[in-house]
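Read the structure below first, then the notes.
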Amino acid sequence: MRYFLKQTTPSKKGVYLQIYKSFYIPGKGGRNASFQKLGYVSDLMKNGIKDPFAYGKKLVEELNQKESKSVPQIDDLPKTFNVGYFLLSSMFQLLNIDNDLHLMTKSKKFQYDFPSFLKDMVYAQSICPGSKYKLYEKVIPFLYGERSYSYDQILDGIKYIGSDYQKYIELLNAHIQNNFSRKTDTVFFDCTNYYFEIDAEDELRRKGPSKEMRKSPIIGQALMLDSDQIPLAMTLYPGNESEKPRLREHVEDIKSRYGVNSRVVQVADKGLNCAKNIYAAVREANDGYIFSKSVHGKNLSSQEKEWLLMENENNVWTEVLNKDGSLHYRYKEQIDKFTYCFVDDEGNKQTFTVKEKRVVTYNQNLALKQRKEILKEVNKAKSISVKGLAKEEYGDCAKYVTFNAVSKEGKHTKITATINQKKVDEDLKYAGYNLLVTSEIKKDAKEIYSIYHGLWRIEESFRILKTYLESRPVYVSTMEAIYGHFLICYYALTLVRLLEIKVFQDEIPASKIYEFMREYNVTQSADGTYINNATNSFTYKRIKEKLGLLKLGNLYLKKKDIKNLLDGIDLNTTN
């Protein structure tokens, strides 16, 4: 647990100071909570505190010192070390990036081995994520083997790799290509964002639409996966910028940076579906696309909406059954020419026509879920309208409300809210329907549906980043350090995806690999041998079988047994 000083400006009275504590909830990641309210700066100064900020920081420092003393220090505990990171170590050795890292940093005079530093940061983030101070104080000493970095060296190293983070992604991709055949005929793309516990914006952390519905400054992260759903590219961008251009930028970048000359089919959800991205794919890059398209709102014409529900001899639905014979989903398709328009960078309106296949699916279970969510939002909107709360209080349910200005009371306009029943009825009618639009007119509808649903892996990747790797909260503040932090998280995600997909052939999920690595600890006994503390789980057995590690499950391990693990397991034999 760590404490920090939070500054907010909730009213005209000025800055309000609170002490917050950060802590970890297993399986859910890092959390922050208010610990002590100090009050407004102006009030504190009236009460005789000349510098409230210095006063708050001193209290935080005292709390953190007290916290560190209450936790047993490494020297007071039995010599327990983590060895589970041998899976990441083996993957690093297979990829063989050390020599290129040395060449990249030849002009720098580090007081430590830089390739080892980068790898140690990835191990620490994977085994026990948290602040860089926690990494320095409690995690690095916990990793088996000799290593030593000062806190300043860790901060400087993270800033250094963040100052040019795309080069390190390019380096990793080059070595993945050398060892595993990258496939980029289909790429999956999505974006997320991360909030920061600050009030003031800066160049990178800007206020925008937050995934967590927060009003704090955020940064955006774009992630692209290759055909095997292994991370291929990552970009960070200011939180107030649109995510739509990132798709075009990523595709252009991988083609130029990695010499990809083949046609690429871009797969993304409706958030990335826009006329400009479709134009860039089919007209500028000669690529293809599979996008989902919203069945609600103004994006779909009345004729297209009618086609979704239509059932006649020209609109035949095909049923897809589960193994037990029950209905999984049903679909139908059509090929036609569709017209799009957008405004280009010069402000000119561009109109173009493409031949598209459209595949609509209907899932009864999804329909029940969506109808339940719609009615929940409607009931929330009704409750808020009765209470007479401000428009901002409605949140997502505002889409089911019509706001009317009815009268003026002094300087304020009185607003009344009524339920938009037409919108409610329409959304209930189209619940359970999902529409896919694609340039791949020769592909079978079931194949298109299957390819699109590969996006689940990129959504899971974001969950892994935010939970297992605790990419948030971010405990660094400079732009370079933020980039460096997310680069380390990206490396940790990519290596585990390689283990999951290329080594374990999707038989052991990424979450179980992280859990195994964190649990595989050893405690040194008086005679110099090590006691294996890991639980003999199903994942444990599968890793042992897959890699042929006969001694992995032994209770007693010798130093040479651990050395054999960390010297690198031959992962090539499992491809």
Side-chain angles (χ1 to χ4, degrees), residues 85-108 110 112-126 157-158 160-185 187-188 223-235 250-251 253-262 264 457 461 464-465 469 483-506 510 513 517 547 565-575:
Y85 73 89
F86 77 85
L87 288 175
L88 297 175
S89 175
S90 298
M91 183 55 71
F92 265 127
Q93 290 183 56
L94 175 63
L95 295 176
N96 192 25
I97 67 173
D98 286 24
N99 185 57
D100 285 355
L101 283 172
H102 278 301
L103 294 175
M104 287 173 65
T105 58
K106 193 174 181 180
S107 61
K108 300 291 291 184
F110 290 106
Y112 49 82
D113 181 68
F114 182 77
S116 296
F117 168 81
L118 176 60
K119 291 185 285 188
D120 285 340
M121 296 303 106
V122 175
Y123 303 152
Q125 193 72 31
S126 302
I158 295 294
Y160 176 75
I161 61 175
S163 64
D164 204 355
Y165 74 97
Q166 290 293 358
K167 282 187 178 178
Y168 293 91
I169 295 176
E170 182 179 355
L171 166 71
L172 186 61
N173 279 333
H175 287 264
I176 292 174
Q177 179 63 34
N178 290 339
N179 289 276
F180 306 98
S181 297
R182 278 275 203 191
K183 291 190 291 183
T184 55
D185 53 327
V187 294
F188 300 87
L223 186 65
M224 179 173 281
L225 310 185
D226 66 13
S227 302
D228 291 324
Q229 299 168 322
I230 295 168
L232 176 64
M234 185 266 290
T235 297
H250 264 314
V251 173
D253 186 61
I254 64 167
K255 285 193 168 188
S256 60
R257 193 181 290 264
Y258 308 120
V260 176
N261 299 315
S262 58
V264 173
R457 187 94 70 173
S461 294
I464 289 172
L465 285 166
L469 293 173
Y483 287 158
H485 166 74
F486 281 103
L487 176 69
I488 293 299
C489 293
Y490 176 85
Y491 262 57
L493 171 68
T494 304
L495 265 61
V496 167
R497 283 300 198 205
L498 287 170
L499 288 165
E500 176 188 18
I501 296 169
K502 293 295 187 178
V503 175
F504 299 131
Q505 285 88 46
D506 255 341
I513 295 174
M517 290 193 299
L547 301 180
L565 287 175
L566 297 176
D567 279 348
I569 304 303
D570 185 4
L571 300 178
N572 271 314
T573 58
T574 59
N575 293 330

query: How would you list, by chain and number, every residue that makes a ring-ring contact (aromatic ring centres under 6.0 Å, His included) with Tyr168, sequence neighbours excluded?
result: none

- request: Using ring-ring contact (aromatic ring centres under 6.0 Å, His included) as the criterion, list what pairs up with Phe486, not counting sequence neighbours.
  value: Tyr194

Heavy-atom distance under 4.5 Å between the side chains of [X] and [Y], does that happen here?
{"X": "Tyr483", "Y": "Asp164", "result": "no"}
{"X": "Leu547", "Y": "Ile569", "result": "yes"}
{"X": "Gln166", "Y": "Met234", "result": "no"}
{"X": "Asp253", "Y": "Thr235", "result": "no"}
{"X": "Met517", "Y": "Val496", "result": "yes"}
{"X": "Tyr491", "Y": "Leu118", "result": "yes"}
{"X": "His175", "Y": "Leu94", "result": "no"}
{"X": "Tyr160", "Y": "Phe117", "result": "no"}

- prompt: So Phe110 and Phe114, would you call those rings parallel, tilted or perpendicular, with 30° and 60° as cut-offs?
  reply: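 Parallel, since the angle between the ring planes stays under 30°.
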
Nearest 0.5 angstrom please: [X] [atom1] to [Y] [atom2], how far?
{"X": "Leu465", "Y": "Leu493", "atom1": "CG", "atom2": "CG", "answer": "5.0 Å"}
{"X": "Ser181", "Y": "Ile176", "atom1": "OG", "atom2": "CD1", "answer": "12.0 Å"}
{"X": "Met104", "Y": "Ile161", "atom1": "CE", "atom2": "CD1", "answer": "10.0 Å"}
{"X": "Leu571", "Y": "Leu87", "atom1": "CG", "atom2": "CG", "answer": "8.0 Å"}
{"X": "His250", "Y": "Arg257", "atom1": "NE2", "atom2": "CZ", "answer": "10.5 Å"}
{"X": "Asp567", "Y": "Ser90", "atom1": "CG", "atom2": "OG", "answer": "9.0 Å"}

Locate the shortest heavy-atom distance separating [X] from [Y]; write the atom from each residue and the value.
{"X": "Thr494", "Y": "Pro231", "answer": "OG1-CB, 3.3 Å"}
{"X": "Asp226", "Y": "Phe188", "answer": "O-CD1, 3.6 Å"}
{"X": "Ile254", "Y": "Val187", "answer": "CD1-CG1, 4.3 Å"}
{"X": "Leu95", "Y": "Asn179", "answer": "CA-ND2, 3.7 Å"}
{"X": "Leu88", "Y": "Val122", "answer": "CD1-O, 4.3 Å"}
{"X": "Ile464", "Y": "Ala510", "answer": "CD1-CB, 3.7 Å"}

- request: Could you tell me which residues satisfy salt bridge (charged side-chain N to carboxylate O under 4.0 Å, His left out) with Asp100, sequence neighbours excluded, listed by chain and number?
  value: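 Asp100 satisfies salt bridge (charged side-chain N to carboxylate O under 4.0 Å, His left out) with no other residue.
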
query: Which residue pairs satisfy the salt bridge (charged side-chain N to carboxylate O under 4.0 Å, His left out) criterion with at least one member in residues 85-96, sequence neighbours excluded?
result: none

Once side-chain contact (heavy atoms from CB on, under 4.5 Å) is applied, do any residues pair with [X], and if so which ones, sequence neighbours excluded?
{"X": "Asp506", "answer": "Arg457, Glu500, Ile501"}
{"X": "Gln177", "answer": "Arg182"}
{"X": "Asp113", "answer": "His102, Pro115, Ser116"}
{"X": "Asn96", "answer": "none"}

If the condition is side-chain hydrogen bond (donor to acceptor under 3.5 Å, both in side chains), which residues does [X] pass it with, not counting sequence neighbours?
{"X": "Ser461", "answer": "Arg497"}
{"X": "Gln93", "answer": "Ser89"}
{"X": "Tyr85", "answer": "Arg147"}
{"X": "Ser227", "answer": "Asp185"}

- prompt: Taking the six-membered ring for Trp, are Tyr165 and Tyr490 ring centroids under 6.0 Å apart?
  reply: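 No, too far apart.
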
- request: Begin with the C-alpha distance, continue with both residues' side-chain angles, and end with the deciding distance and a verdict on side-chain contact (heavy atoms from CB on, under 4.5 Å) for Leu498 and Phe504.
  value: CA-CA 9 Å; Leu498 287 170; Phe504 299 131; over 6 Å; no

